[in-house]
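Notes for the one structure printed next.
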2 protein chains.
Amino acid sequence: MSTASSASRTTREQIVDAADQLFYEQGFDSTSFADIAATVNLSRGNFYYHFKTKDDLLEAVIDQRLRNTQALLQQWEQQGAQPQDRIRCFIHILIANQARILLYGCPVGTLTTELAKLNHHALDQANAVFTLFRTWLRQQFQAMGRKQDADELAMHVLGRSQGVATLASAFQDEKFLKQEVKRLNQWLQQCVDDAKQ
Amino acid sequence: MSTASSASRTTREQIVDAADQLFYEQGFDSTSFADIAATVNLSRGNFYYHFKTKDDLLEAVIDQRLRNTQALLQQWEQQGAQPQDRIRCFIHILIANQARILLYGCPVGTLTTELAKLNHHALDQANAVFTLFRTWLRQQFQAMGRKQDADELAMHVLGRSQGVATLASAFQDEKFLKQEVKRLNQWLQQCVDDAKQ
DNA sequence: TGAAGCCTAGGACAAGCGTCCTAGGGCTGT
DNA sequence: ACAGCCCTAGGACGCTTGTCCTAGGCTTCA
């Protein structure tokens with residue numbers, strides 16, 4: 001029974017993984033069950049067994065992204081000694097995921113934008129990924145001594161990253177991406193220096 | 001004949017206007033001819049007379065946006081005495097179009113993002129709108145005396161605006177939008193002061 | 001009055017979509 | 001060997017999509 005159950009979960013996981021990637025690359029609306037089925041080598045009609053509707057699948061994908069994000073933040077929590085080092089971990093994902101960002105933009109931003117236009121009820125859930133980053137960044141700025149404007153600074157970093165991803169993707173401009181990352185790191189250093197005084 | 005021709009153009013213009021707005025609000029892909037037909041009070045099948053394909057309609061919409069953008073830039077050119085005043089005109093659209101941005105994000109950024117995911121051939125045309133702003137901003141920074149890094153600064157402003165629009169829309173946060181506009185204006189003032197020395 | 005051309009309504013069309021059903025293969029435990 | 005259950009293939013369904021066609025109502029000019 002445990003083998004059967006785990007095998008079942010494996011197929012389900014494969015579906016979610018494939019959907020996760022395709023939703024990112026092609027968008028949610030224009031990714032069909034047929035596309036996902038072809039990736040996982042499964043018959044199209046059989047999806048009903050695993051997910052009753054396409055919205056259920058979307059919810060599973062976002063849930064996975066939420067879990068992955070939380071794991072990532074926890075990892076950064078241990079990697080960086082100082083709060084500013086942890087924030088630098090966040091900024092660095094622009095470099096680490098450079099290739100995909102140049103092709104498809106930010107996975108979080110593009111999904112929320114699409115769901116907003118579709119008036120989709122899962123929009124709040126998708127926005128929760130943003131909120132995870134926002135809350136985490138706020139905590140880092142608070143730890144840096146910026147109690148007053150920690151949330152504003154967190155939103156600032158989040159916004160700058162969004163803009164970089166959008167434009168770098170539009171212009172397919174790797175140089176711009178790296179320039180802006182440098183600028184953002186400089187701005188962060190300024191924050192650190194300001195807080196010390 | 002002249003009346004007939006102008007009436008024809010009026011219907012065509014109505015279609016383009018409706019498509020322009022709906023593509024912005026709902027996205028290109030999930031806006032159907034039926035949606036547009038309902039807005040213009042026209043029979044769905046008859047679109048073929050005005051636009052042979054949906055892609056033709058999209059091209060017409062983007063062409064209109066290009067013309068509108070050029071007119072806007074020309075207007076700012078006359079409004080602002082100093083280059084920095086003109087750049088402030090650009091930044092100010094975030095305030096002027098606030099309501100729509102909170103609901104649907106940036107019209108330019110969201111379209112290019114969608115077309116990129118759809119692998120649509122009109123992507124280059126859509127990106128041209130970005131290029132119009134970029135070139136114009138670059139000229140303003142050059143006029144400010146920043147010959148060396150004018151393009152980098154132009155891209156910086158463009159990127160910041162994109163980020164603001166994306167996040168303000170995601171969080172439906174008017175306060176954030178205004179905060180960031182203030183920050184951006186402060187940054188611009190810093191640029192002016194730096195250039196003076 | 002009549003011919004010509006612009007523009008329209010309304011529907012047909014094939015294709016693709018999400019959804020749902022049924023029959024059965026291949027394990028599991030008795 | 002057999003019953004029960006997990007999971008699957010394959011196809012049917014109703015609907016919407018973009019596209020395309022045809023017949024005819026207008027206006028315009030002779």
Side-chain angles (χ1 to χ4, degrees), chain A residues 1-20 22-23 25-62 111 114-115 117-123, chain B residues 1-20 22-23 25-62 111 114-115 117-123:
Chain A
M1 187 177 127
S2 68
T3 11
S5 159
S6 81
S8 150
R9 261 190 298 166
T10 296
T11 301
R12 196 190 147 96
E13 279 173 359
Q14 275 183 329
I15 294 177
V16 173
D17 283 343
D20 191 348
L22 287 171
F23 288 172
E25 294 175 5
Q26 310 182 344
F28 165 70
D29 201 47
S30 64
T31 296
S32 66
F33 277 174
D35 292 332
I36 306 169
T39 310
V40 195
N41 276 325
L42 218 66
S43 79
R44 192 179 94 261
N46 195 31
F47 270 87
Y48 183 70
Y49 179 79
H50 298 280
F51 299 97
K52 283 191 194 116
T53 66
K54 197 183 179 186
D55 292 353
D56 284 348
L57 176 53
L58 175 61
E59 282 180 24
V61 167
I62 301 179
L111 182 64
E114 184 183 0
L115 295 183
K117 290 202 195 267
L118 294 178
N119 252 321
H120 200 287
H121 69 272
L123 173 60
Chain B
M1 189 176 120
S2 69
T3 11
S5 160
S6 81
S8 150
R9 261 189 299 164
T10 297
T11 302
R12 196 191 147 96
E13 281 174 355
Q14 275 183 330
I15 294 176
V16 173
D17 283 343
D20 191 347
L22 287 171
F23 287 173
E25 294 177 359
Q26 309 181 345
F28 165 70
D29 201 47
S30 64
T31 296
S32 66
F33 277 173
D35 293 332
I36 305 169
T39 309
V40 195
N41 276 326
L42 219 67
S43 79
R44 191 178 97 261
N46 195 31
F47 270 87
Y48 183 70
Y49 179 79
H50 298 278
F51 298 96
K52 282 191 195 115
T53 65
K54 197 182 179 186
D55 292 353
D56 285 347
L57 177 53
L58 175 61
E59 282 180 26
V61 167
I62 300 179
L111 182 64
E114 183 183 359
L115 294 184
K117 291 204 194 268
L118 294 178
N119 252 319
H120 200 285
H121 68 273
L123 173 60

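First the proteins, then the strands, lettered A, B, ... as listed; each starts at 1. Quick caveat, the model's predicted, so the values are computed rather than measured.
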> Stepwise, does the side chain to side chain contact (heavy atoms under 4.5 Å, CB included) test hold for B:F28 with B:D55?
Replying inline: CA-CA 10 Å; B:F28 165 70; B:D55 292 353; 4.0 Å; yes
With respect to the side chain of [X], which nucleotide from [options] is positioned closest?
X     : options               : answer
B:S43 : D:dG10, D:dC6, C:dA9  : C:dA9
B:T53 : C:dT8, D:dT19, D:dT17 : D:dT19
B:R44 : D:dA9, C:dA9, C:dA12  : C:dA12
B:A34 : C:dA9, D:dT17, D:dT8  : D:dT17
A:F33 : D:dT19, C:dT19, D:dT8 : C:dT19

Find the distance [X]:[atom1] to [N]:[atom2] and express it as a whole number of Å.
X     : N      : atom1 : atom2 : value
B:L58 : D:dT17 : CG    : P     : 17 Å
B:N41 : C:dG10 : CG    : P     : 12 Å
A:D29 : C:dG18 : CG    : P     : 9 Å
A:N46 : C:dG24 : CG    : P     : 16 Å
B:Y48 : C:dG11 : OH    : P     : 21 Å
A:F47 : C:dC17 : CZ    : P     : 12 Å
B:D55 : D:dT19 : CG    : C1'   : 12 Å
B:H50 : D:dT19 : NE2   : P     : 15 Å

> Does the A:T39 side chain pair with the main chain of A:A18, one donor and one acceptor, at a distance under 3.5 Å?
Replying inline: no
>> Using a 3.5 Å distance criterion without hydrogens, assess whether the side chain of A:K117 forms a donor-acceptor pair with backbone atoms of B:S30.
In response: no
> Do A:V61 and A:L111 come within less than 4.5 Å of each other through their side chains, counting heavy atoms only?
Replying inline: no
> Is any side-chain nitrogen or oxygen of A:S32 closer than 4.0 Å to OP1 or OP2 of C:dC17?
Replying inline: yes
> Between B:T11 and C:dT8, is there a side-chain N or O to OP1/OP2 distance below 4.0 Å?
Replying inline: yes
> Using a cut-off of 4.0 Å on non-hydrogen atoms, how would the nucleic acid contact of A:S30 be classed: base, sugar-phosphate, or nothing?
Replying inline: nothing
>> Let me confirm one number: the CD1-CG distance from A:I62 to A:L57, rounded to the nearest 0.5 Å.
In response: 10.0 Å
